[in-house]
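For reference, the structure is listed below as structure tokens.
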Amino acid sequence: MALIGILCLIAGLLVAAVVGVATASRVAVYGLCALLCAAIGILAASALTGLLPINDTAILPMGLPWLGAHFRLDALSAGFEAVIGLTAVAASVYGIGYGRHEQEPHRILPFYPVFLAGMLLVPVADDVFVFLFSWELMSLASWALVVAHHKEPDNLRAGILYLVMAGFGTLALLLAFGLLAGPYGDYDFSSIRIRPIEPLLADLIFALAILGAGSKAGLVPLHVWLPEAHPAAPSHVSGLMSGAMTKVAIYAFVRIVFDLTGSGAWWWGTVLMVLGAVGALLGILAAQMDRDLKRILAFSTVENIGFIFAGLGLALAFRGEGLQAAAALAMSAALLHVLNHGLFKTLLFLGAGAVLHATGQRDIDRLGGLIHRMRWTALLFLIGAAAISALPPLNGFASEWLTFQAILLSPSLTHWGLRLIAPAMGAALALAAVLAAAAFVRAFGISFLGRPRSFAAENAHETDRFSLAAMFALAALCILVGILPGLVIDALAPMVKIATAGALPHQLGQAWLSLVPNGEAGGSYNGLMVILFMTVTAFLSAGVIHRLSGRKLRRTDAWDCGFPDPSPMTQYTGGSFAQPVRRVLGDFAFKVTERVEMPPPGDLAPARITVQLRDPIWEFVYAPLTRAVSTIADRLNPFQYFTIRRYLGLVFTVLVLLLLVLALWQ
């Protein structure tokens, strides 16, 4: 059975962790992880596409004594297992080459397989105990990887913030599952699924699911850990945290809200659409203004998670009003973007890791000219940047196009709130998509084009063959999924059916393998025709230009933008590139202030411009909470100096008070 095979392979990952402790051999650990994750991905994809039996169940004699450990492989869990396994293979192959530069491999190698095992266990968990155990295993192992380079103060701060947010998310999920189990105490998902839930409890479970899963996924305003933790972790771990771990959180939300809770209130979709649209805009605006390459990618993850949750909210809205076909379209768009984001974001983080290793720099204003020294990395990063910018015929375009196709069906909604929010969300997502293209033109152009801005960039070198192989595989998949998205939509149909009880029309039989989201001739997309048109027009244009241009070779100076000084410092910087967006939207989103210091005539001091950004979410939400927690901790600090008699007296007093409350309650 596929499920038993997956569980055995996950156990093999735990064995790989032991190998990491015993040998600290990166080739053995990463190679074993790549093989095991490849096998898991193949088994999951085979089950999802019907090549192997689906809906396998297993109960193992572990976990809670009266419950056992329940596992289940259905279409929803198989799809997410395939996405996690695919990205884990690429990250593991990349780690074989990238890991040889790690100064302290014993801080990474034992925890890396455990991190993979935790992520892969969550989707197949079929009871509350196994789910939360796997969730915490994933969280703690990833925290250990975030603080692997703990001697850097920023990394330690990122690890503490991540641990706090992870604990908060787990607490929210624990409460959600407690409400789902109810007074009966049936913690296996099959029992929860068949029991009706009161509307008020369902609303509370929905809110807790947003807090628990949204905090791990990076949904605004629960995203504060993400731009801190991703840059702190090793690059292949950053790729997994963004490309795979956030998808585990998406799975948790879909499983709880769409599967276990049942039908919900109409406003559920509204909340998700608002949070998704706001998150997409704030995330990409922050990416536009940052200079750290890995933080830019982390903020972009916030934007893409917003896109996914907006699609999930639209699917909830359509499902709540009985529009099954429209709900299936929105859910298909969200799940396709789950796969696409896993591909291109992992590719981009691996590319950023190659740049970091070659130059020692993450500041894009200290890079430049890398296209001449890292040709293959530049090409692969460009493919990832084009994919995340939703340029056809790459995969990012297909899922975002499907999302907008679903938004165009929003006039069929009957509730006034949904009819008002859905078009506004569409406008916000369209603006976010445009800003994403601008952000990655900036990231690629400043980093790879122009002239080197530092000695490190001038002496950069290409990365190793293992890293290039992993990036080439991900880039090829970005192209393949973009050209043939209909085949992926057909594979996702069983997952969509679990969530919405519907699915898109079968795409394999469409003419020229076109992607036709609706049965009627409303809109279609053909990646094959797009790439054929682009190829033909490119060759024709090159031929015409070559034919009409003069035969004589002419040389002249490069355009200097009015600066005859050939210094690289006269080039555009990341800050100057982002200045128009910063001045138009920065004050609204981040309270941006600019201060220009211009010396008087005759003064040889340099002119300076200082830009300061403020995060309103941190200032108005998290900073007050931090101060409150610190104040309470200071007040409670004397308790740790109590004698044993005082501790016993305190416990007795609390016990009497609880019994008194219970007696009065009855």
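Listed by first and then second residue, the salt bridge (Lys or Arg N to Asp or Glu O under 4.0 Å) pairs that reach into residues 246-256 are Asp74-Arg255, Arg255-Asp259, sequence neighbours excluded.
Between the side chain of Thr500 and the backbone N or O of Lys497, no donor-acceptor pair lies under 3.5 Å. Under a 3.5 Å cut-off, the side chain of Gln507 and the backbone N or O of Pro505 do form a donor-acceptor pair. Put simply, the side chain of Gln324 never gets that close to the backbone of Arg319: no donor and acceptor are under 3.5 Å apart. Between the side chain of Thr261 and the main chain of Ile256, a donor-acceptor pair closer than 3.5 Å is present. At distances below 3.5 Å, not a single donor-acceptor pair connects side-chain atoms of Tyr98 with backbone N or O atoms of Ala354. A donor-acceptor distance shorter than 3.5 angstrom exists from the side chain of Arg362 to the backbone of Pro231, with no hydrogens or angles considered. A side-chain donor-acceptor contact under 3.5 Å links Trp225 to the backbone of Ser215. Under a 3.5 Å cut-off, the side chain of Asn395 and the backbone N or O of Val481 do not form any donor-acceptor pair. Side-chain N or O atoms of Thr170 include one that pairs as donor or acceptor with a backbone N or O of Ala166 at under 3.5 Å. Not one N or O on the side chain of Trp376 forms a donor-acceptor pair closer than 3.5 Å with the backbone of Glu462.
Side-chain contact, Ser25 with Tyr30: no donor N or O sits under 3.5 Å from an acceptor N or O. Of the N and O atoms on the side chains of Thr377 and Thr463, not one donor lies less than 3.5 Å from an acceptor on the other residue. Side-chain contact check for Lys345 and Ser300: at least one donor-acceptor pair (N or O, by modelled atom type) lies under 3.5 Å. Side-chain polar atoms of Asp126 and His70 form no donor-acceptor pair below 3.5 angstrom. For Ser92 and Tyr112, the side-chain atoms include at least one donor-acceptor pair closer than 3.5 Å.
For Phe177, the CZ atom sits in a packed shell: over 12 heavy atoms of surrounding residues, nucleotides or ligands are nearer than 6.0 Å. Residue Arg195 places its CZ atom among more than 12 non-hydrogen atoms of other residues, nucleotides or ligands, all under 6.0 Å distant. Other residues, nucleotides and ligands contribute only 12 or fewer heavy atoms inside 6.0 Å of the CZ atom of Arg465. Few gaps surround CZ on Phe472; more than 12 heavy atoms of other groups in view lie less than 6.0 Å from it.
Separating the NE2 atom in His341 from the CG atom in Leu348 is a distance of 8.5 Å, to the nearest 0.5 Å. Rounding to the nearest 0.5 Å places CE of Met165 at 12.0 Å from CD of Glu228. Distance CD1/Ile250 to CD1/Ile308: 5.0 Å, rounded to 0.5 Å. To the nearest 0.5 Å, atoms CG (Leu161) and CG (Leu156) are separated by 11.5 Å. In this structure, the separation between CG on Leu120 and CD1 on Ile40 is 4.5 Å, given to the nearest 0.5 Å. Between atom CG of residue Leu43 and atom CG of residue Leu7 there is a gap of 10.5 Å, rounded to the nearest 0.5 Å.
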Self-check item: side chain to side chain contact (heavy atoms under 4.5 Å, CB included) between Leu335 and Val496, worked out
Solution: CA-CA 8 Å; Leu335 293 179; Val496 175; 3.9 Å; yes
Practice problem: Step by step, work out the ring-ring contact (aromatic ring centres under 6.0 Å, His included) result for Phe299 and His223. | Solution: CA-CA 9 Å; Phe299 279 120; His223 68 292; 7.1 Å; no
Exercise. Show your working on side chain to side chain contact (heavy atoms under 4.5 Å, CB included) between Ser467 and His236 and close with a plain yes or no.
Key: CA-CA 10 Å; Ser467 301; His236 58 306; over 6 Å; no
Quiz item: Can Ser242 and Thr301 be said to form a side chain to side chain donor-acceptor pair (under 3.5 Å), step by step?
Solution: CA-CA 7 Å; Ser242 180; Thr301 297; 2.5 Å; yes
Self-check item: Intermediate values then yes/no, side chain to side chain contact (heavy atoms under 4.5 Å, CB included), Asn155 and Val147
Solution: CA-CA 6 Å; Asn155 292 359; Val147 298; over 6 Å; no
Practice problem: Apply side chain to side chain contact (heavy atoms under 4.5 Å, CB included) to the pair Thr49 and Asp490, showing each step before the final yes or no. | Solution: CA-CA 8 Å; Thr49 55; Asp490 287 343; over 6 Å; no
Exercise. For side chain to side chain donor-acceptor pair (under 3.5 Å), just list the numbers for Ser142 and Tyr162, CA-CA rounded to whole Å, side-chain angles, deciding distance to a tenth of an Å, and then say yes or no.
Key: CA-CA 9 Å; Ser142 57; Tyr162 175 55; 2.4 Å; yes
Quiz prompt | side chain to side chain donor-acceptor pair (under 3.5 Å) assessment of Ser238 paired with Lys294 | solution = CA-CA 9 Å; Ser238 300; Lys294 291 182 72 174; 3.2 Å; yes
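Closest non-hydrogen pair, Cys37 versus Leu13, comes out as SG-CD2, 4.3 Å. Scanning both residues, Val302 and Gly279, for their nearest heavy atoms gives CG1-O, 3.7 Å. Annotation for Pro494 and Ala491: closest pair CD-O, 3.2 Å, computed over non-hydrogen atoms. Ala90 approaches Leu350 most closely through the heavy-atom pair O-CD1, 4.2 Å. Nearest heavy-atom pair, Leu356 versus Ser235, reported as atom, atom and distance to 0.1 Å: CD2-OG, 4.3 Å. The shortest heavy-atom contact between Ala125 and Phe189 is O-CE1, 3.4 Å.
Applying the salt bridge (Lys or Arg N to Asp or Glu O under 4.0 Å) criterion to Arg100, with sequence neighbours excluded, gives no partner residue. For His106, the side chain to side chain contact (heavy atoms under 4.5 Å, CB included) partners at least two apart in sequence or on another chain are Glu104.
Annotation: side chain of Met241 is in contact with side chain of His230 (closest heavy-atom distance under 4.5 Å). Using a 4.5 Å heavy-atom cutoff, the side chains of Leu86 and Leu343 are in contact. Counting heavy atoms from C-beta on, the side chains of Arg72 and Asp56 never come closer than 4.5 Å. Taking the side chain as every heavy atom from C-beta outward, Leu339 and Phe80 never approach each other to under 4.5 Å. A 4.5 Å side-chain heavy-atom check between Leu14 and Pro113 finds every atom pair outside the cut-off. Proximity of Tyr251 to Val122: side-chain heavy atoms (C-beta onward) are separated by under 4.5 Å at one or more points. Taking the side chain as every heavy atom from C-beta outward, Leu240 and Phe349 never approach each other to under 4.5 Å. Between Phe71 and Leu121, the closest side-chain pair of non-hydrogen atoms falls below 4.5 Å.
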